[in-house]
Amino acid sequence: MSVIKGIKGVKDLLPEETPRWRLIEEAARRWAARYGFHEIRIPIFEVTTLFARSIGASTDIVEKEMYTFQDRDGTSLTLRPEGTAGTVRAYIEHNRAAIPVPQKYFYFGPMFRHERPQAGRLRQFHQFGVESLGMADPQADVEVIALLWRILSDLELPGLTLEINNLGYTADRDTYRPHLVTYLKQHESGLCANCQRRIEANPLRVLDCKVPECRAITEPAPRLADSLSEAARSYFVRVLAGLDRIKIPYSLNHRLVRGLDYYNLTTFEVTATNLGAQNAVGAGGRYDALVETLGGPSTPAVGFAIGIERTSMLLPESTIRKTPEDVTVYVAGFGGQGAAAGFTALEELRLIGLQAVSDFRSATLKAHLRQADRLRCRFTLIIGDDEVAKGSGVLRDMETKVQYDVSLSTLGRQIYALLSGS
RNA sequence: GUGGGUGUAGCUCAGUUGGUUAGAGCGCCGGAUUGUGGAUCCGGAGGUCGCGGGUUCGAAACCCGUCAUCCACCCCA
């Protein structure tokens, strides 16, 4: 019989790995709460047109990376490739714009993109993201960027850099694009095949190309910064001033062009080394037109998303070790009477709030102690037939080997006292 | 979608120009120790050599195909 295996690019998170994930998730939730963001839980699949309209019909995500399928009535549904579209859809659908305070949400969950898996890239991956809706103020940008930076710094990820750029308003990019295209066409022969195609499809993307030849050509190219309107410039200046004020270090990257169409003005990305060919741990930007594009009231917004798998890859052991392990009591019940008494004691320990385990396969004390050792239990409660006869048990400290007699009738209280004293 | 690497014991990997019975370390099980874990010593179990064809007297090794996986391109978190 053939064994059924997991889907390509879709990973199981085994118990050895979940603690580090929980650490990341808890840090993100903690910081998000401090910044006034509230959790929203949105579906993992939506009507396909939601993503096509928001992310951009000609982006790679929409063109070739979506998990799309037909519902029974024929409507096209898609597994979410990112979290912003669904969040904005929910914002509109529940008329959150009518609420007189800024709507600041965070979400955590799986996203799906049909790509070839490699280091730091999976078909089902996880993001923690935030969306700050309703404020067209540079301080809102700064607040969101600060939150991103604080979460990642708190986790002590090594080698982080915050890169930031100003995409300007749509009109700014419209005036800039022809200048860039003209320049690129003059140097077309020197560009990589991909970039030659991009000249027509998405010229700004050429700036983001990693091919050295392309980089050399685009270095002296006309810059978007020179085509920006006064309003866009001053907005960006205020964002940077805000970052300076609260001491968030950043570096300007005029090549930073995000892959999703809905961004405008501020865009940013936190990059790291040691991520294989990938380098973005978290990224985001402002998207003032998206809510309206999706049929909602004109609503300015900023957000970001963190890649959890990538964060996990970078998470140093030292950060994980800071979390203290809970003390677990192993109960070694053996023999005709002892096994039964042990099982009762096991439950009693749990009822008073302790973590207690046993391996019911073990029939001898030796076997039990071996399992207690493997399970890394700090204490073992030994209950054999002799103990049952005496109405007591033996609590053994596995590290010091010191043993205490405990009465079976008042087990819970005694053990609790001994453990809290240790 | 394209390119490259790797598939041998539970894990990490050796395996000579194709040669007889495929190995090591770690782990696992048992014993030394019949009520005291880890350490040590002794013993033991465990393999469709990814799968399917082909070449050959003979294939883990060579050839073809296929699948899986990793890495990279592309793109992104």
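In this text, all values refer to a predicted model and were calculated from it rather than measured experimentally. In the text below, chain A, chain B and the rest are named by the order of the sequence lines, each starting its count at 1.
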Q. Does the rG37(B) base have a donor-acceptor partner in the side chain of Arg396(A) within less than 3.5 Å?
A. yes

(Q) Applying a 4.0 Å non-hydrogen cut-off, can you work out what Glu387(A) is touching in the nucleic acid: base, sugar-phosphate, or nothing? (A) base

**Q.** Closest nucleotide among rG35(B), rG30(B), rA68(B) to the Leu365(A) side chain
**A.** rG35(B)

Q: Decide whether Tyr169(A) and Asp174(A) meet the rule of one side-chain donor and one side-chain acceptor closer than 3.5 Å.
A: no

Q: Could you tell me which nucleotide pairs with rA72(B) by Watson-Crick or G-U wobble geometry, both distances under 3.5 Å, or answer none if nothing does?
A: rU2(B)

Q: For Arg310(A), answer base if it contacts any base atom (sugar-phosphate contacts may also be present), sugar-phosphate if it contacts only those atoms, and nothing otherwise; contact means non-hydrogen atoms under 4.0 Å.
A: base

Q: Examine the side chains of Gln371(A) and Ser362(A) and answer whether a donor and an acceptor come within less than 3.5 Å of each other.
A: no

Q) With a non-hydrogen cut-off below 4.0 angstrom, is Ile308(A) in contact with a base, only sugar-phosphate, or nothing? A) nothing

Q.
Using a heavy-atom cut-off of 4.0 Å across all strands, would you classify Leu122(A) as base, sugar-phosphate, or nothing?
A. base

Q: State, to 0.1 Å, how close Asn264(A) and Arg173(A) come at their nearest heavy-atom pair, and which atoms those are.
A: CA-NH1, 3.9 Å

Q: Give the intermediate values and the outcome of ring-ring contact (aromatic ring centres under 6.0 Å, His included) for residues Phe45(A) and Tyr67(A).
A: CA-CA 9 Å; Phe45(A) 65 137; Tyr67(A) 276 98; over 10 Å; no

**Q.** Sugar-phosphate, base or nothing in reach of Lys11(A), heavy atoms under 4.0 Å
**A.** sugar-phosphate

Q | Polar side-chain contact Arg121(A)-rC74(B) base: donor and acceptor under 3.5 Å | A | yes

Q: Determine if Phe125(A) stacks with rA77(B); use a centre-to-centre distance below 5.5 Å and an interplanar angle below 30° as the criteria.
A: yes

Q) Which of the following nucleotides, rA77(B), rA72(B), rG35(B), is nearest to the side chain of Phe334(A)? A) rG35(B)

Q. Looking across every strand, which nucleic acid part, if any, lies under 4.0 Å from Ala372(A) by heavy atom: base, sugar-phosphate, or nothing?
A. nothing

Q.
Less than 4.5 Å apart, side chain to side chain, heavy atoms only: is that true for Asp172(A) and Asn166(A)?
A. no

**Q.** Sugar-phosphate only, base, or nothing, as touched by Arg113(A) at under 4.0 Å among non-hydrogen atoms
**A.** base

Q. Do any side-chain nitrogens or oxygens of Gln371(A) fall under 4.0 Å of OP1 or OP2 in rG37(B)?
A. no

Q. For RNA chain B, whose closest nucleotide is more 5', that of His114(A) or that of Ile7(A)?
A. His114(A)

Q: Looking at every strand, decide which applies to Gly120(A) at a 4.0 Å heavy-atom threshold: base, sugar-phosphate, or nothing.
A: base

(Q) Let's test this: given Watson-Crick or G-U wobble pairing with both distances under 3.5 Å, identify the partner of rA22(B). (A) none

Q) Just checking Gln403(A): base, sugar-phosphate only, or nothing, at a heavy-atom cut-off of under 4.0 Å? A) base

Q. With a 4.0 Å cut-off on heavy atoms, is Phe304(A) in touch with a base, just the backbone sugar-phosphate, or nothing at all?
A. nothing

